[in-house]
Protein chains: 2
Amino acid sequence: MKRIPTIEDVARKASLSISTVSLVINNKKNVSDKTREKVKKAIDELGYHPHRGARGLASSLTGNIGFILSHDHFSLAEPFYTKIFLGAEFAARDLNYYVLLTTVSGQKRPKNGIPRFLLERNVDGIIIAGKVSEQLVTSIEQFDIPIVLIDYTFPRKDLSNVCIDNTGGVRLAVRHLVEQGYTDIGFVGGDLEHPSIRERLSAYRATLEESGLPVDEKIISTGEADTGHENGFSAIARMHKGNRLPAAIFAANDAMAIGCMQYLKSVSQRIPEDVAVVGFDDIEMSSHVEPGLTTVRVFKEEMGKLGVKRLVEMIKSKTNTIVSVRVPVQFMVRESTVVQHLPDEGLRAAPAGAIY
Amino acid sequence: MKRIPTIEDVARKASLSISTVSLVINNKKNVSDKTREKVKKAIDELGYHPHRGARGLASSLTGNIGFILSHDHFSLAEPFYTKIFLGAEFAARDLNYYVLLTTVSGQKRPKNGIPRFLLERNVDGIIIAGKVSEQLVTSIEQFDIPIVLIDYTFPRKDLSNVCIDNTGGVRLAVRHLVEQGYTDIGFVGGDLEHPSIRERLSAYRATLEESGLPVDEKIISTGEADTGHENGFSAIARMHKGNRLPAAIFAANDAMAIGCMQYLKSVSQRIPEDVAVVGFDDIEMSSHVEPGLTTVRVFKEEMGKLGVKRLVEMIKSKTNTIVSVRVPVQFMVRESTVVQHLPDEGLRAAPAGAIY
DNA sequence: GTGAAAGCGCTAACAT
DNA sequence: ATGTTAGCGCTTTCAC
């Protein structure tokens with residue numbers, strides 16, 4: 001195959017030194033316009049592209065971003081974090097970075113769990129999406145590399161992060177139920193270790209109180225192990241068997257909301273006539289279930305993009321100012337909370353609002 | 001932060017030269033057992049990891065794999081290719097590679113469209129998933145780097161590939177319909193440029209003939225621009241308006257099958273009592289629509305894994321033997337083709353059969 | 001079996 | 001404003 005031109009070929013062709021060429025490549029000042037043009041011309045004619053690895057060695061900047069996901073999240077059928085990753089990938093490409101993805105198991109001691117791209121110095125910064133152990137983050141911090149968390153925070157660790165406006169979203173959801181005339185509104189949560197779930201629970205409580213409605217612990221379920229739809233199913237089943245089925249349910253995410261709907265259907269409760277259901281996240285499936293699930297849309301790709309943008313700023317500026325970005329949400333009214341029927345579109349088209 | 005140990009530190013600690021250390025790191029022969037142990041001990045004690053970039057510079061092996069996806073595929077709501085990517089990523093990690101993802105637009109001239117990781121020599125091999133232009137592949141071939149195609153092939157270009165057993169899958173699907181007593185079976189296809197769709201169409205024709213059934217061009221729709229569910233909707237609508245609604249439909253993928261179901265519901269045709277529907281792919285949604293869609297499951301993650309495995313073999317062996325892998329499929333019977341009712345599970349759990 | 005030395009392609013002082 | 005030079009951390013001949 002054709003020989004790949006190096007910086008030396010460019011220098012020779014332009015009758016200049018390689019350092020001058022390097023200055024041009026890196027857009028440094030102190031190069032005369034004439035020289036700059038000459039170099040650019042040579043680069044063009046040769047079809048030259050700087051070698052990533054060599055650049056990295058010399059500058060200790062790899063042009064890569066590490067993306068860490070807990071294995072649990074990765075295996076979820078619902079591509080919530082996959083969407084975040086894709087958004088990150090998209091923004092990274094725009095900024096001329098590549099994203100190296102890896103997953104970590106939630107359990108193992110972090111010592112063996114340090115991602116290879118860190119050990120091998122193959123990334124300039126780290127994005128962590130979703131829940132990971134504090135230990136892992138502590139050991140990553142040793143590497144003295146910018147870190148941005150997406151959809152997670154630590155109580156005792158201040159790190160740049162991109163999070164959902166959970167409080168605002170819950171407020172929209174609960175107020176919507178109140179406006180529809182519901183006063184008996186239950187909560188189905190899951191793993192309270194996740195700060196998003198915690199925030200959603202307290203916002204639920206706060207909004208009920210703001211609205212002058214009672215908070216009844218009998219219709220608040222939080223003991224579940226995770227946030228899959230089975231938990232929604234079992235949580236509302238428990239309320240039902242305890243003869244305390246609320247008139248409306250706010251579930252802390254769509255998966256659990258769909259689990260609730262599943263149970264309600266199985267016991268022939270009509271949605272929303274007998275029980276209204278609201279979720280959170282707006283996962284793909286929520287617009288496809290019947291009735292369509294009213295929920296709070298989270299802009300997942302956008303979160304990934306924001307995370308990368310912030311990370312790249314940190315990498316380039318070489319400062320570690322902590323920045324917390326709170327991403328706004330959008331309330332999506334569908335049929336699971338509104339008795340009057342919308343025109344039947346059958347299976348709805350893919351949700352609008354692609355971010356790109 | 002703590003200084004990162006280099007190969008020199010290891011050599012010093014083991015009282016050996018860096019070249020000997022390098023031999024051990026790379027598992028080369030001609031090193032005495034005693035020396036090998038000494039080096040390993042030093043590596044352990046220092047917590048040494050070779051620097052990716054430096055290795056790459058010296059050996060011209062980056063440890064990265066490039067993954068190319070057409071932008072169209074990437075933006076699809078349905079994560080068919082996303083699944084393939086995730087499978088690839090998983091296998092790559094196992095083999096100590098990282099995957100660099102990029103998308104290419106289907107249209108643009110490939111000259112500007114050559115992925116950056118190729119220009120910058122940042123990958124050791126390339127995976128291409130789905131349909132891309134032949135031009136693009138031709139220009140990638142210039143880089144003299146192993147290539148594996150996933151779910152695509154070119155008539156005039158012999159490249160290693162991992163493809164679906166389309167013929168086998170269609171045969172299962174159509175025979176199933178025949179066994180259920182259907183004799184009037186239509187076909188809804190899409191973009192015939194994709195070899196998978198072409199194969200599915202010819203297998204459909206062949207299976208009908210094998211079964212002694214007539215092939216009626218009036219209930220074969222192939223003119224559509226792509227393979228989204230709108231095409232399924234419009235294709236079957238056209239048959240219906242032409243007074244030639246078949247008793248069963250084989251759609252070339254699940255998205256179009258779901259589009260068919262959507263239309264059938266909108267004109268109050270019962271599924272499967274009035275019209276049975278079979279799809280292909282087994283996308284997530286197919287087990288969630290009502291009735292559940294009978295379809296041919298494609299092991300998407302598995303395809304990604306196989307692609308990477310093959311690619312890494314090619315990289316390591318430095319030979320370019322063409323290998324075509326045909327991945328078997330699995331037939332999934334659900335309610336869209338079987339009149340007798342299965343017990344109602346409400347919304348079914350996530351499809352079984354995770355690959356990992 | 002082990003070591004010395006060259007060099008992969010580039011950046012970054014430092015000189016000029 | 002441009003050139004010289006010394007590495008970055010490793011692999012890889014080639015001696016010994």
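A quick note: this is a predicted structure, and the numbers were derived from the prediction, not measured. Just so we're on the same page: letters track the sequence lines, and every chain starts at 1.
You'll find the ring centres of Phe90(B) and Phe85(B) outside the 6.0 Å limit.
Remark: C1' of dA1(D) and CG of Asp33(A) are 12 Å apart, rounded to the nearest angstrom. dG1(C) atom C1' lies 9 Å from atom CG of Leu23(B), rounded to whole Å.
An OP1 or OP2 oxygen of dG1(C) is reached within less than 4.0 angstrom by no side-chain nitrogen or oxygen of Lys34(B). For Ser19(B), no side-chain nitrogen or oxygen approaches OP1 or OP2 of dA5(C) to under 4.0 Å. In this structure, Asn26(A) reaches the dT11(C) phosphate: one of its side-chain N or O atoms is under 4.0 Å from OP1 or OP2. Note on Thr6(B): every side-chain N or O is 4.0 Å or more away from OP1 and OP2 of dG9(D). At the phosphate of dG3(C), OP1 or OP2 sits under 4.0 Å from a side-chain N or O atom of Thr20(B). Considering only side-chain N and O atoms, Lys28(A) lies under 4.0 angstrom from the phosphate OP1 or OP2 of dA12(C).
Within the nucleic acid shown, Ile18(A) comes within 4.0 Å of at least one base atom, counting heavy atoms only. No contact: Lys29(A) has no heavy atom under 4.0 Å from any strand. Residue contacts shown for Ser32(B) are limited to sugar-phosphate atoms, with no base heavy atom under 4.0 Å away.
Side chains of Thr62(B) and Arg52(A): a donor-acceptor N/O pair is absent below 3.5 angstrom, by distance only.
Taking every heavy atom of residues 52-62 of chain A and every atom of DNA chain C, pairs under 4.0 Å involve Ala54(A), Arg55(A), Leu57(A), Ala58(A), Ser59(A), by number.
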### Task
Determine, step by step, whether Val327(B) and Cys163(B) satisfy the side-chain contact (heavy atoms from CB on, under 4.5 Å) criterion, reporting the C-alpha distance in whole Å, the side-chain angles of both residues, the deciding distance to 0.1 Å, and the verdict.
CA-CA 6 Å; Val327(B) 182; Cys163(B) 287; over 6 Å; no
### Query
Can you check side-chain contact (heavy atoms from CB on, under 4.5 Å) on Val308(A) and Val148(A), steps first, answer last?
CA-CA 8 Å; Val308(A) 165; Val148(A) 171; over 6 Å; no
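Here the closest heavy-atom approach between residue Leu311(B) and residue Pro146(B) is recorded as CD1-O, 3.6 Å.
The ring pair (Phe, Tyr, Trp, His ring centres under 6.0 Å) test applied to Tyr98(B) returns Phe117(A), not counting sequence neighbours.
Summary of the strand contacts: Asn30(B) and Glu8(A) both lie near DNA chain C, and taking for each the nucleotide with the nearest heavy atom, the more 5' one is attributed to Asn30(B).
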